[in-house]
Amino acid sequence: MKVIPIYSLRLLLTLNLVVLLVYCILTLTCDNEKQIKKLKKEVSYLQDIIDGENEKSVNEELLPTIYAITPTYARWTQKADLTRLSQTLLHVKNFHWIVVEDADRKTLLVTKFLSNCGLKYTHLNAKTDQNFKLKDSDPNWLMPRGVAQRNTGLTWIRNNISPQTEGYLYFMDDDNTYDLQLFKEIRTTQLASAWPVGLSGGLKFEGPGFCKDGKVLSWYTAWKPERPFPIDMAGFAVNIKLLFQYKEAGFSNATPRGYLESHFLTGLHLTINDMEAKANQCTDILVWHTRTEKAKMKQEDKLIKLGKPSNPNIEV
Ligand code: UGA
Ligand code: MN
């Protein structure tokens, strides 16, 4: 039998040990790297949650209330529009909805709707003067809309909120589309702020055109550019302290077409120089001037004439 020399055995053993050592070092460092990567991921995930919570508590829980005035009037699509709007608003904290019906008295539909909507609200009514009320056949630009209702909302704020209260005023029409980010932007307003409104003024957007360092420097508009504020009602917010400072500021039916916003903002003694630029230096669209198509009820009318009306207990 051939005898393996002892030195060869030693060499083999040493080689084995070296291989094992190298293997151990390699797997250990690999595992460590993997572990570190995994931990880093977890830390960044947790940081995101903390940031999100901070943002929520800073922007929504602790900052002052947004008072939004919404004029609304009876038509087939009213409940649908109010439902869509209210379900956006349910995501907004510290929000007080002032809904003003264009009616002689509060309707059952809006009363029931508001009591079930889950929002903090005030329900008011103010009928538009008959001389300024649009007829069904009129083009909608013929008369200013929402004038009496917004004034009633402003009076309610002036009479029911203490002038020392910190808060923001925003006019919300019932048929626009609002991004939740907008409400965070509104809550950074010092005196007055503005941002572009999508699908407004016959343009992709209308309102602030060029903004720099948080200031509005020019307007982007095509129609009546000489207006002091060529901007849609949905394109600005103001600190409510201005309402107590300038008690006469409001809306008028005598205002020429397109001047409602300018009339109100100049009544608060504001100029373009006061307007803080929001929405990423006014380059993001966070609200759209959408309009709900008028419901066509030809078939419903036909059935009524035929004496086969739909169930009157079903509210649409
Ligand atoms: C545009 C602006 O976005 C409005 O803020 C502005 O009041 C209006 O023009 C105007 O120039 O008067 P637009 O979509 O054309 O809005 O108007 P609507 O949405 O039909 O009306 C604005 C608000 O007033 C809505 O909340 C609507 O429900 C309310 N409204 C309308 C009434 O309360 N009564 C009416 O007879 C009509
Ligand atoms: Mn509208």
Side-chain angles (χ1 to χ4, degrees), residues 67-86 88-89 97-107 109-110 113-114 121-154 156 169-178 182 194-203 205-207 221-224 227-238 250-265 267 285-295:
Y67 295 89
I69 299 179
T70 297
T72 187
Y73 70 109
R75 71 240 185 232
W76 281 110
T77 59
Q78 182 180 31
K79 193 175 176 187
D81 280 338
L82 289 175
T83 299
R84 184 173 45 209
L85 177 54
S86 69
T88 292
L89 298 178
W97 200 18
I98 301 167
V99 179
V100 194
E101 283 195 75
D102 185 350
D104 272 332
R105 60 185 67 155
K106 292 169 193 159
T107 63
L109 184 143
V110 177
F113 170 81
L114 286 174
Y121 68 90
T122 295
H123 184 187
L124 305 169
N125 66 292
K127 194 165 173 58
T128 299
D129 183 325
Q130 213 43 49
N131 298 325
F132 292 97
K133 185 78 183 167
L134 284 171
K135 294 183 190 65
D136 249 10
S137 52
D138 286 341
N140 83 320
W141 47 260
L142 198 65
M143 303 284 183
R145 278 134 283 141
V147 167
Q149 296 72 36
R150 291 190 194 100
N151 282 341
T152 298
L154 292 174
W156 185 89
L169 167 72
Y170 184 40
F171 294 112
M172 299 184 82
D173 291 354
D174 60 4
D175 57 348
N176 290 337
T177 305
Y178 302 87
L182 180 64
W195 50 84
V197 176
L199 314 176
S200 180
L203 298 164
F205 60 86
E206 188 185 42
T221 186
W223 184 67
K224 294 193 183 174
R227 288 176 290 166
F229 290 94
I231 189 174
D232 186 79
M233 201 68 74
F236 64 87
V238 299
F251 295 89
S252 157
N253 278 318
T255 304
R257 192 179 156 207
Y259 276 82
L260 280 184
E261 297 82 355
S262 294
H263 180 82
F264 177 69
L265 290 168
I285 302 299
L286 300 177
V287 53
W288 294 261
H289 183 245
T290 44
R291 311 197 65 228
T292 305
E293 190 190 9
K294 207 170 160 194

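Every number for a ligand or one of its atoms is a count from 1 in the order of the listing.
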| In the protein, which heavy atom is nearest to atom 4 (C) of ligand 1, and how far is it? | D173 OD2, 2.9 Å

| D173 N/O/S atom closer than 2.8 Å to the Mn ion (ligand 2) | no

| message | Checking a contact table here: which protein heavy atom is nearest atom 20 (O) of ligand 1, and how many Å away? | response | R291 NH2, 3.7 Å

| note | Given the options Y67, W195, F236, Y170 meets ring pair (Phe, Tyr, Trp, His ring centres under 6.0 Å) only with W195

| Ligand-side contact atoms (ligand 1) for residue partner Q149, heavy atom cut-off under 4.0 Å | 33 (O)

| Can you find a side-chain donor-acceptor pair between T70 and D174 that sits under 3.5 Å? | no

| task | Identify the two heavy atoms, one from E206 and one from P230, that lie closest to each other, and give their separation to 0.1 Å. | result | CG-O, 3.8 Å

| message | Given E261, K133, H289, identify the one with the heavy atom nearest to atom 36 (O) of ligand 1. | response | K133

| query | Any idea which atoms of ligand 1 are less than 4.0 Å away from a heavy-atom of P144? | reply | 12 (O)

| request: Pull out every atom of ligand 1 sitting under 4.0 Å from any heavy atom of D232, numbered as shown with elements. | output: 2 (C), 3 (O)

| Does the separation of the ring centres of W223 and Y259 fall below 6.0 angstrom? | no

| task | Check ligand 1 against G146 and write out every atom of the ligand that is under 4.0 Å from a heavy-atom position of the residue. | result | 24 (O)

| Among all protein non-hydrogen atoms, which one is nearest to atom 32 (C) of ligand 1, and what is the separation to 0.1 Å? | Y73 CD2, 3.6 Å

| query | Quick one: does NZ or CZ of R75 land under 6.0 Å from the six-membered ring centre of Y73, within 45 degrees of the ring axis? | reply | yes

| Any non-hydrogen atom of R150 lying under 4.0 Å from ligand 1? | yes

| request: Give the C-alpha distance, both sets of side-chain angles, the deciding distance and a yes or no for side chain to side chain contact (heavy atoms under 4.5 Å, CB included) between K79 and V110. | output: CA-CA 8 Å; K79 193 175 176 187; V110 177; over 6 Å; no

| note | Looking only at non-hydrogen atoms, the one of D175, D174, V100 nearest atom 25 (C) of ligand 1 is D174

| So, for P71 and Q149, which heavy atoms are closest and what is the spacing to 0.1 Å? | CB-CB, 3.6 Å

| So, is M143 polar-close to ligand 1, with some N/O to N/O distance under 3.5 Å? | no

| request: Determine whether the side chain, the backbone, both or neither of L260 has a heavy atom under 4.0 Å from any heavy atom of ligand 1. | output: side chain

| task | Determine, for D102 against R145, whether the closest basic-nitrogen to carboxylate-oxygen distance falls under 4.0 angstrom. | result | no

| request: For the pair F264 and F251, name the ring-plane relationship: parallel under 30°, tilted 30 to 60°, perpendicular over 60°. | output: parallel

| task | Kindly identify the option in R145, K127, M172 whose heavy atom sits closest to atom 15 (O) of ligand 1. | result | R145

| message | For the 3.5 Å polar cut-off, considering only N or O atoms, please tell me whether D102 and ligand 1 meet it. | response | yes

| query | When rounded to the nearest 0.5 angstrom, what distance separates CG in L109 from CD in E101? | reply | 8.0 Å

